[in-house]
**Q** 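Once you've had a glance at the structure underneath, I'll fire off some questions.
No experiment lies behind these values; they were computed from the predicted model shown. Lettering of chains follows the sequences in order, A, B, ..., and the numbering in each one begins at 1.
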Amino acid sequence: MDAADRCEQIISLLTLSSCLPVSPSLLQPTPVILLKEGTDTSQGIPQLISNINACQVISEAVRTTLGPRGMDKLMVDSRGKATISNDGATILKLLDVVHPAAKTLVDIARSQDAEVGDGTTSVTLLAAEFLKQLKPYVEEGLHPQTIIRAFRTATNLAVSKIKEIAVSVKKDDKQEQRELLEKCAATALNSKLIAGQKDFFSKMVVDAVMSLDELMSLKMIGIKKVQGGALEESQLVSGVAFKKTFSYAGFEMQPKRYENPKIALLNVELELKAEKDNAEVRVKSVEACGGSIQTSVGAMTNDVLGQCELFEEVQVGGERYNFFKGCPKAKTCTIILRGGAEQFTEETERSLHDAIMIVRRAIKNDSVVAGGGAIEMELSKYLRDYSRTIPGKQQLLIGAYAKALEIIPRQLCDNAGFDATNILNKLRAKHAQGGMWYGVDINNEDIADNFVACVWEPSIVRINALTAASEAACLILSVDETIKNPRSSVDGPPGGAGRGRGRGRPHAH
Amino acid sequence: MALHVPKAPGFAQMLKDGAKHFSGLEEAVFRNIRACKELSQTTRTAYGPNGMNKMVINHLEKLFVTNDAATILRELEVQHPAAKMIVMASHMQEQEVGDGTNFVLVFAGALLELAEELLRMGLSVSEVIEGYEKACKKTLEILSDCVCSSAKNLHDINEAKSLIRTAVMSKQYGNEDFLANLIAEACVSIFPESGNFNVDNVRVCKILGCGVTASSMLHGMVFKKEAEGDITSVKDAKIAVFSCPFDCMVTETKGTVLINNAQELMDFSKGEEDLMEANVKAIKEAGATVVVTGGKVADMALHYANKYKLMVVRLNSKWDLRRLCKTVGAVALPKMTAPTPDEMGRCDGVYLTEVGDTQVVVFKHDKEDGAISTVVIRGSTDNLMDDIERAVDDGVNTFKVLVRDNRLVPGGGATEIELAKQITSYGESCPGLEQYAIKKFAEAFEALPRALAENSGVKGSELISKLYSGHHEGNKNMGFDIESDGPAVKDMLEAGILDPYLVKYWGIKLATNSAITVLRVDQIIMAKAAGGPKAPKQRGHWDKDGWDEEPDNFETHH
């Protein structure tokens with residue numbers, strides 16, 4: 001009887017479960033499924049801290065590249081292409097960051113690259129340092145919005161302070177302006193691979209930019225890379241130079257050098273009527289020389305023909321190059337880079353790009369500040385003094401902002417192997433005594449008046465860096481929840497592993 | 001030993017295998033309420049100026065950083081059918097007034113939360129619903145008494161600015177003055193005397209770089225394009241707009257041309273060139289200085305355009321072309337013919353310029369007589385700019401709402417507390433069981449100032465008691481002072497924190513409706529998702545609301 005009873009029990013259980021396929025939901029409360037399966041959500045303070053940590057990791061990657069003594073990074077992408085760079089934006093771009101918060105740092109580096117072209121490492125570093133300084137306050141439970149408000153105030157103060165103390169150089173004096181530009185370019189190049197040739201290149205960059213028209217379109221500066229030779233063999237061509245691509249039979253009979261030629265720029269095949277032209281070179285589209293691009297050979301008049309002083313074909317390294325030099329209406333120029341390894345010339349190109357951008361900015365905004373951490377120390381001092389005049393939580397937060405600014409000189413020292421604390425102490429003392437432009441002297445392991453030492457940067461670079469860094473820090477602080485939908489892809493449901501963005505899951509650091 | 005006792009077939013047995021079925025108070029109603037509560041919990045922390053942002057990564061791995069409830073919900077892809085209803089309500093709000101989406105969510109969430117208490121107390125669902133309906137009706141009547149001010153002259157930038165400020169404040173706290181100014185300028189300049197305001201006429205152009213404070217506003221349009229030809233700047237331009245490619249006509253029919261000798265071949269191509277030249281010349285002689293085309297620009301045509309000093313701009317989007325026509329007052333020509341003077345638009349300046357490192361073509365009016373204005377947003381990250389764009393949208397929508405109805409109610413929780421106070425006393429005058437529901441309805445209003453306070457790190461209950469005491473003293477504009485450190489209150493009318501009447505009106509209405517709809521459900525039957533592992537497919541069941549077109553389109557190809 002007992003056995004029969006139990007048997008019945010089992011059977012009834014069985015039938016129950018077989019007739020109600022959803023029985024678990026009836027027997028025990030199921031969690032309410034609000035979102036799509038696989039959606040990953042995380043929230044609260046741990047989430048915020050986790051985001052901050054992630055940003056720290058990113059800044060670690062570029063930290064050591066800052067300044068003249070910064071190291072370069074070698075990156076190999078998925079296709080096995082090696083890149084050597086110490087440009088923050090380039091490194092971050094190649095890192096392929098997926099963490100949503102850390103991506104913000106990549107974005108601001110890009111933004112800095114777009115707006116001023118240089119200072120990408122500093123901006124990343126600043127943003128990460130802001131967050132680092134704020135982390136204890138967040139952990140203590142200070143409301144992020146309070147922090148954000150304080151940071152916005154601090155940024156506004158800092159920016160107006162930069163504007164106030166920046167030294168503007170008169171535009172009328174061509175000589176003085178040129179000097180300014182060269183110094184700015186030299187400062188930018190200082191931290192690059194080609195720092196040894198900075199005088200040579202800063203001159204070249206300024207020449208290149210000065211030869212442009214009002215719009216200063218970057219496209220009008222062509223950079224050609226030819227392997228082989230030494231860096232110093234690089235040259236600037238005021239006009240157009242390009243690799244000889246294609247010419248017709250009989251070309252070799254033609255002279256290789258013309259003086260004052262007239263040039264027809266064609267983008268049609270020069271097949272039917274060939275004899276009219278000086279040299280049978282097929283040019284795709286060249287906007288220099290003042291000639292307009294001709295589609296038809298029919299209306300060949302004098303005013304559509306371009307002119308230049310000299311056309312020649314020259315051997316550069318292993319390639320033959322065509323040069324059009326000294327064009328009367330020339331608003332364009334070409335830099336021919338020489339150098340050893342491919343990666344080396346590529347990095348040189350990136351460095352020159354940065355320097356060109358800096359020069360362009362400096363022409364548009366003619367005020368400069370001293371680099372080498374000087375401006376950061378001055379701002380730091382200014383904000384610290386200011387913070388002491390206000391009551392409340394804002395005092396601490398603006399103080400934290402001031403402290404975060406010191407990361408730039410500190411990192412400069414660290415990268416150079418100096419005793420950062422010692423130098424910072426010296427700098428603080430000097431700034432307190434009114435030595436406004438004192439910054440790190442990288443050559444002598446000391447401090448120096450960087451304005452006198454001609455370490456100059458356009459003020460707009462610093463203004464943009466501060467704005468971007470604090471905007472990014474505020475953005476990251478204002479997020480308290482991350483919701484990640486599974487990626488809808490053809491290959492089935494995603495593994496819900498939300499790429500290390502779990503609730504307060506620690507990141508490798 | 002009845003092994004096969006024939007059981008009455010349960011409901012579940014009548015359905016296909018795998019179908020889910022829930023019924024009754026415990027299973028259906030409470031489950032639904034819990035889902036909605038959970039949803040409103042998520043967006044509650046995003047409410048108000050001190051609300052926190054959410055980082056949402058949608059299924060296309062695009063990142064959104066925002067505190068705009070409509071955007072969060074759109075990208076969240078809410079699955080629960082009951083929660084979906086609240087989402088719909090908030091979406092309706094977005095369409096109706098463009099702002100206050102979070103208000104709907106928080107309020108509906110609070111209503112349901114309190115309804116659960118009532119149901120557990122023993123009230124029946126219908127009594128709760130009846131009470132809510134009564135209270136809602138009464139609220140909407142009272143709401144018009146709460147109106148404390150009205151917009152007098154929306155053509156005045158300063159007034160418009162102060163009104164838009166509240167809406168922008170809740171999205172971009174700290175930048176509100178700056179952004180409100182831009183938005184107000186943009187709105188007022190295109191607000192015609194006739195009073196017909198079109199939201200689409202305020203364009204937004206996002207360019208990476210610099211900071212938010214470098215954003216600007218201009219009359220006319222900005223395109224992220226480059227000029228095609230050599231001419232990059234034209235003052236006082238006459239603009240010919242072509243919807244066709246800037247190229248010679250291609251005939252529909254096929255023809256065969258017999259060419260006998262070289263001369264004829266030359267003449268043939270020459271004839272084509274001459275025709276093109278004549279065409280371009282005719283356009284130039286008609287007075288045009290700028291040519292805008294919706295299609296490709298042929299090399300040959302460009303050559304002649306350069307020869308005759310015509311600036312050529314190419315726009316790929318048909319909409320952009322139409323908007324441009326509207327801005328400059330041109331007629332888009334379908335054929336490459338010389339325009340008549342009426343068909344040409346005019347503009348004070350068309351030029352190519354560089355913002356950050358992006359080349360943009362600007363069509364600019366010096367005077368404020370254009371039909372379209374553009375807000376150029378700068379920012380250091382794409383997400384930030386997207387968020388500011390949403391703030392601009394909200395601001396523009398607020399302006400639109402005010403054009404429709406210029407009444408204003410105090411913000412910062414003042415209206416809610418006033419309504420709560422009055423509805424409570426109304427509830428007490430009701431004899432039936434619905435009295436409880438009406439009082440709970442009033443209590444639900446407290447959720448909004450509470451969310452404001454809690455998001456700012458202030459104790460909600462403390463603030464609410466302060467607000468109540470203020471309102472009982474007869475000061476019905478007392479609201480939460482967000483700038484102070486503690487639970488302080490101040491007069492919202494004096495502080496200039498005002499919400500449009502319509503935003504609150506629709507918000508209350510839609511939230512109540514959706515809450516009632518959720519309560520009315522007593523059974524949930526879910527069919528088994530079809531097609532095994534293809535999880536995304538099942539979206540088709542609940543999801544056919546037609547508003548998130550983008551994801552749907554994405555799905556179609558697998």
**Q** Side chain, backbone, both or neither: which part of B/S456 has an atom under 4.5 Å from a heavy atom of chain A?
**A**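 The backbone, not the side chain.
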**Q** Do you know the tightest heavy-atom contact between B/A83 and B/L39?
**A**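 That would be O-CD2, 3.9 Å.
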**Q** Quick check for you: among A/V123, A/I463, A/L466, A/V479, which has the greatest number of heavy-atom pairs under 4.5 Å with chain B?
**A**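 The option with the most such pairs is A/V479.
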**Q** Only pairs of heavy atoms separated by less than 4.5 Å count here; which of A/A472, A/A469, A/P144 has the most with chain B?
**A** A/P144
**Q** I'd like to know which of B/D382, B/I207, B/I72, B/L302 tops the heavy-atom pair count under 4.5 Å against chain A.
**A**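 Winner by heavy-atom pair count: B/D382.
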**Q** For B/V65, is it the side chain, the backbone, both or neither that has a heavy atom under 4.5 Å from a heavy atom of chain A?
**A**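 Answer is side chain: those atoms of B/V65 sit under 4.5 Å from chain A.
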**Q** For B/M55, does its backbone N or O pair with a side-chain atom of A/E481 as donor and acceptor, under 3.5 Å?
**A**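 Not confirmed, A/E481 side chain does not pair with B/M55 backbone.
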**Q** Heavy-atom cut-off 4.5 Å, strictly under: side chain, backbone, both or neither for B/N175 against chain A?
**A**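 Answer is both: backbone and side chain atoms of B/N175 are under 4.5 Å from chain A.
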**Q** Please check: side-chain N/O of B/S40 versus main-chain N/O of B/G109, any donor-acceptor pairing under 3.5 Å?
**A** no
**Q** Less than 4.5 Å apart, side chain to side chain, heavy atoms only: is that true for B/K171 and B/N67?
**A**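 Yes, their side chains come closer than 4.5 Å.
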**Q** Check whether A/N464 gets within reach of chain B through its side chain, its backbone, both or neither, counting any heavy atom under 4.5 Å.
**A** side chain
**Q** Using non-hydrogen atoms only, which part of A/L477 is less than 4.5 Å away from chain B: side chain, backbone, both, or neither?
**A**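 For A/L477, the contact with chain B is made by the backbone alone.
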**Q** Donor-acceptor pair, A/E471 side chain versus B/G379 backbone, under 3.5 Å?
**A** no
**Q** Has the side chain of B/N455 got a donor or acceptor atom that lies under 3.5 Å from a matching backbone atom of B/R44?
**A**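 A pair under 3.5 Å: yes.
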**Q** I need the residue from B/R378, B/K54, B/M52 with the largest number of non-hydrogen atom pairs under 4.5 Å to chain A.
**A**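 When all of B/R378, B/K54, B/M52 are compared, B/M52 has the most.
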**Q** For B/L208, is it the side chain, the backbone, both, or neither that has a heavy atom closer than 4.5 Å to a heavy atom of chain A?
**A** both
**Q** If we count only N and O atoms by modelled type, under 3.5 Å, do the side chains of A/D107 and B/T381 hold a donor and an acceptor together?
**A** no
